[in-house]
Amino acid sequence: MADAAIYLRAGREKSVLTRHPWIFASAIDHIEGEPGHGDTVLVFDSNKKFLAKAAYSPSSQIRARVWTLIQADEIDRSFLEQRINASIERRAGLKESENTDALRLIYGEADGIPGLVVDQYASTLVMQLLSAGSEKFRSEIIEILAEQLKPEQIYERSDVEIRLLEGMQPREGLAWGKKKNHAIQISENGLKYLVDVTEGQKTGFYVDQRRNRQKVFELAKDKQVLNCFCYTGGFTLNALAGGATNVTSVDSSGPALEQLKQNVSLNGLDETKSEIIEGDVFTLLRKFRDQARSFDLIVLDPPKFAPTISQAEKASRAYKDINLLAIKLLKPGGLLVTFSCSGGVSRDLFQKIVAGAALDANTDLRIIDQLSQSPDHPVLTSFPESFYLKGLICQK
Ligand code: SAH
């Protein structure tokens, strides 16, 4: 059966020509054939000139995601195998240079496999299928990963809401191999972590913050540290190992804090220097202000307040709020390590928010370092959406 075809409206071919992988429903003039969920479709411009082959997603605003701009490419198992191998190949030597056995091996669109995320935690792989196209090739992807990487298990964490936008139900569970009950132990920059791939957030761990955790290790000596939105303690462990006087860690998730405690003892770090508070950061920062507590180094690593640009304004207020409060809690000369992982907030906007917070706190604030996502989360130049993690180290 011939592939179905979508024809774009005049002028709407531009994004495909600039190698952006998303084709929005509004760009489509008409469709020939009846492509099903995840089926490969041919994409033509309004003059019937071939543009791309893409995966069709009938109910999503992102109606198709480009697989290739080359007409001769067949989208099949061997195509997927090539793309997966190329992703792994691009990360050759990265485990050694990043000093870890936890790495993002496949980062969706940025690696030419729209909707597929694969994180490696030692001998475990955690997979997310986030688009109709990657879902279509689920069994091939699992086979290829098992063959190429010989993991002990492949665990699927496609239990995310965005699947609903793609017309798919969330899914979670063992996809391949033998289930391991205990949390997976990984190591990163000389520290060990337990990663709960079944219950943890995202795929279990925030590998994207690896280099930034190392920065905190380097800065923490003899400092009183406050780590807000600490999750399982990535920044906490680094601050303690880097010689912090003490570290106060705050998160609203009880299970994450339990894991943090285990991680502190797993590394033989001094538990008496680790204060753990379960609660809401917005409330707690106000309480600390009222108690006139102060710190030498504060980390703010909140969840995504603005997944898309439409939520940017509300998110800006939330970012400003916590940054303003944190700046006030800093001692003179103290350091603010502040992040935004919101795709809807640009680096420029984030810097403006922090500048506004300093202004309202009536203080000078100096940016001494600019941080980003670790290199296993590459930013594809034709897909700016792949850049999301922005960080600043500021001194009061
Ligand atoms: N810094 C962590 C990752 C942080 S993820 C690391 O390096 O591993 C964001 C965390 O914020 C999650 O653990 C989530 O439970 C927590 N969180 C979300 N909203 C919160 C709130 N209002 N107050 C406290 N914690 C919150």
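Just follow the structure's listing: the first ligand is 1, and inside any ligand the first atom is 1. If you read the sequence from its start, that first residue is 1, and numbering goes on from there.
Contact annotation for A256 and ligand 1: no heavy atom of the residue comes within less than 4.0 Å of the ligand.
Side chains of R289 and S294 form no contact here, defined as non-hydrogen atoms less than 4.5 Å apart. Taking the side chain as every heavy atom from C-beta outward, S187 and L191 never approach each other to under 4.5 Å.
Ligand 1 places these atoms under 4.0 Å from at least one heavy atom of S253: 15 (O). Each of the atoms 1 (N), 7 (O) of ligand 1 lies under 4.0 Å from some heavy atom of F235.
The shortest N or O to N or O distance between Q201 and ligand 1 is below 3.5 Å. The N/O atoms of S252, backbone and side chain alike, include one that comes under 3.5 Å of an N/O atom in ligand 1. Where the criterion is an N or O separation shorter than 3.5 Å, residue side chain and backbone included, Y206 fails it with respect to ligand 1.
Ligand 1 has at least one atom lying under 4.0 Å from a heavy atom of G279. Judged by the shortest distance from any of its heavy atoms, T232 lies outside the 4.0 Å radius around the atoms of ligand 1.
Between T124 and Q153, the side chains place a donor N or O and an acceptor N or O closer than 3.5 Å (distance only, hydrogens not considered).
Evaluated by nearest non-hydrogen atom to atom 23 (N) of ligand 1, the leading choice among D301, D251, V281 is V281. Of the candidates L285, D280, I322, it is D280 that places a heavy atom closest to atom 21 (C) of ligand 1.
For K390, there are no side-chain hydrogen bond (donor to acceptor under 3.5 Å, both in side chains) partners at least two apart in sequence or on another chain.
A donor-acceptor contact shorter than 3.5 Å is absent between the side chain of Q224 and the backbone of N246.
Note: the hydrophobic cluster containing I298 does not contain I393 (ILVMFWY, side chain heavy atoms under 4.5 Å, direct or indirect links).
Salt bridge E152/K178: absent, no basic N to carboxylate O contact under 4.0 Å.
Pairs engaging residues 115-138 under the salt bridge (Lys or Arg N to Asp or Glu O under 4.0 Å) rule: D39-K136, R104-D119, E135-R163, E135-R171, R138-E156 [sequence neighbours left out].
The closest protein non-hydrogen atom to atom 7 (O) of ligand 1 is R213 NH1, 3.0 Å. Looking only at protein heavy atoms, the nearest one to atom 4 (C) of ligand 1 is F229 O, 3.2 Å. Nearest protein heavy-atom neighbour of atom 18 (C) of ligand 1: P303 CG, 3.4 Å.
Environment of CD in E147: crowded, with over 12 heavy atoms of neighbouring residues, nucleotides or ligands closer than 6.0 Å.
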